[in-house]
Amino acid sequence: MATPLQQLMACTTVVADTGDIDSIIRLKPVDATTNPSLILKAASTPQYAELIDQALAAVKQLPASAQLPAALEAVSVAFGAEILKHIPGVISTEVDARYSFDIAATLAQARRVIAQYRALGISRDRVLVKIASTWEGICAARLLEQEGIRCNLTLLFSFTQAQAAAEANATLISPFVGRILDWYAAKTGETYTSETDPGVCSVKAIYEYYKAVGHDTIVMGASFRNTGEIRALAGCDKLTIGPALLDALAKESEPLTAQLTAESIVPRPRLAELTEANFRWQLNQDPMATEKLAEGIRLFAADLEKLEGLLAAKLA
């Protein structure tokens, strides 16, 4: 009899949310995602020291002032390239969170990342550039998609962000299920079920809207807190899940069935396209999304600074 994890894989593309290559080899996901926190965790492990040293070898030939920024990109790409050896699908590599409000810097780094993958013989169709779902990030994604660079809009907490991302023709969005739940649980003190979980409800609303109006943008639920959230979103286009929860799901006995099906959704007209003013106002009116977006950017930026410290010691 199939395990719940196998049943999930039959109705949803399962993506590993980790920088740990050994876990990816063991779990055999289709795709994988990384972020600054996951890269920092992996880079701090002795088993990946050789991978980092190889990535830094070329960087050491650059002028001293250019070495550290180049090192961050080189290490992220090195992990992504190694992960791609073990999965059939795509890897998501994140743009510096400190560029979340800078369109030009986001564009420049995204192009550099794709060029580095290409130099390693990896085509752009196997890479998603992860960008925070700020207005500036979404504008950058629109331009990159027009160039054929595919984007994953991350740190997404609201329907407004999802609507704008689809209107920018982003390849994929990553709504953060667990972080939405965290905010509501802290504010209300309530205990939520899988059916009432605000993060689950948010992803369902986005998924149903996309399918009803014909948006091609892929919905990939992320940031899970428990297997109940995963079960409630079975059938979603993709779900990116950490190794611990993938292992937990594989060990459960209760059968898993698809909860989201595009075929059952009734078509309807699209909403009026968002302007910058409307986007900013609607996001401002959503305290959860506003707070969690800002917090997420700060946390990723802090982990980038820690990673810089680790790499600076190796470059010294």
Do [X] and [Y] pair up side chain to side chain, a donor and an acceptor below 3.5 Å, judged on atom types alone?
X	Y	result
D286	S158	no
T275	N278	yes
Q282	T160	yes
Y117	T93	yes

Original post:
Which residues satisfy the ring-ring contact (aromatic ring centres under 6.0 Å, His included) test with F176, sequence neighbours excluded?
Top reply: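 Partners of F176 under the ring-ring contact (aromatic ring centres under 6.0 Å, His included) test: F157.
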
Subject >> Where at least one partner belongs to residues 168-188, residue pairs that pass side-chain hydrogen bond (donor to acceptor under 3.5 Å, both in side chains), sequence neighbours excluded >> reply: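 Output for this query lists E145-T171, N152-S174, D182-R225, W183-E291, T188-Y192.
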
Original post:
What pairs meet the side-chain hydrogen bond (donor to acceptor under 3.5 Å, both in side chains) rule with one or both residues in residues 252-268, with sequence neighbours excluded?
Top reply: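 Residue pairs with at least one partner in residues 252-268: T227-E252, R231-E252, T257-Q259, T261-S264.
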
Show every ring-ring contact (aromatic ring centres under 6.0 Å, His included) that has at least one partner inside [range], sequence neighbours left out.
range	value
residues 6-43	none
residues 232-284	W135-F279
residues 199-229	F159-Y209, Y209-H215, Y210-H215

Original post:
Excluding sequence neighbours, so at least two apart, what forms salt bridge (Lys or Arg N to Asp or Glu O under 4.0 Å) with E167?
Top reply: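 E167: no salt bridge (Lys or Arg N to Asp or Glu O under 4.0 Å) contacts found.
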
**OP:** Just jot down the salt bridge (Lys or Arg N to Asp or Glu O under 4.0 Å) partners of E94, sequence neighbours excluded, or say none.
**Re:**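 Salt bridge (Lys or Arg N to Asp or Glu O under 4.0 Å) list for E94, sorted by chain: K130.
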
**OP:** Answer yes or no: are there more than 12 heavy-atom neighbours, outside D125 itself, under 6.0 Å from its atom CG?
**Re:**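 Yes, the 6.0 Å shell around CG holds more than 12 heavy atoms from other groups.
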
Original post:
Taking atom CD of Q47 as the centre, does the number of heavy atoms from other residues, nucleotides or ligands within less than 6.0 Å exceed 12?
Top reply: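 Result for CD/Q47: enclosed.
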
Could you identify which residues cluster with [X], counting Ile, Leu, Val, Met, Phe, Trp and Tyr as linked when any side-chain heavy atoms lie under 4.5 Å apart, either directly or through a chain of such contacts?
X	value
M1	none
V266	none
V15	V90, L128, L172, I218, M220

Answer whether the closest heavy-atom distance between the side chains of [X] and [Y] falls below 4.5 Å.
X	Y	answer
L153	Q161	no
R150	V127	no
L8	I230	yes
D237	T12	no
V30	V14	no
D31	I91	no
L315	K60	yes
V113	V95	no

Donor-acceptor pairs are to be reported for all side-chain atoms of residues 294-306 against protein atoms at under 3.5 Å, with residues two or more places apart or in another chain.
| from | atom 1 | to | atom 2 | distance (Å) |
| --- | --- | --- | --- | --- |
| E295 | OE1 | K292 | NZ | 2.6 |
| D303 | OD2 | S37 | OG | 2.5 |

Original post:
For I173, which of V203, I206, T154 qualifies under side chain to side chain contact (heavy atoms under 4.5 Å, CB included)?
Top reply: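 Testing each of V203, I206, T154 against I173, the sole residue satisfying side chain to side chain contact (heavy atoms under 4.5 Å, CB included) is I206.
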
Subject >> side chain to side chain donor-acceptor pair (under 3.5 Å) between T134 and S100, intermediate numbers included >> reply: CA-CA 7 Å; T134 58; S100 295; 5.5 Å; no

Subject >> Point-to-point distance, once rounded to the nearest 0.5 Å, from CG of L310 to CD1 of I39 >> reply: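 So the CG of L310 and the CD1 of I39 are separated by 12.0 Å.
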
Original post:
In Å and rounded to the nearest 0.5 Å, what is the CE to CG distance from M9 to L249?
Top reply: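 M9 atom CE to L249 atom CG measures 9.0 Å (nearest 0.5 Å).
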
Original post:
Would L84 and L38 show up in the same hydrophobic cluster when neighbours are defined by side-chain heavy atoms closer than 4.5 Å?
Top reply: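 No: no chain of side-chain contacts under 4.5 Å links L84 to L38.
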
Subject >> Under 3.5 Å: donor-acceptor pair, side chain of E190, backbone of A185 >> reply: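 No, E190 side chain to A185 backbone: no donor-acceptor pair under 3.5 Å.
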
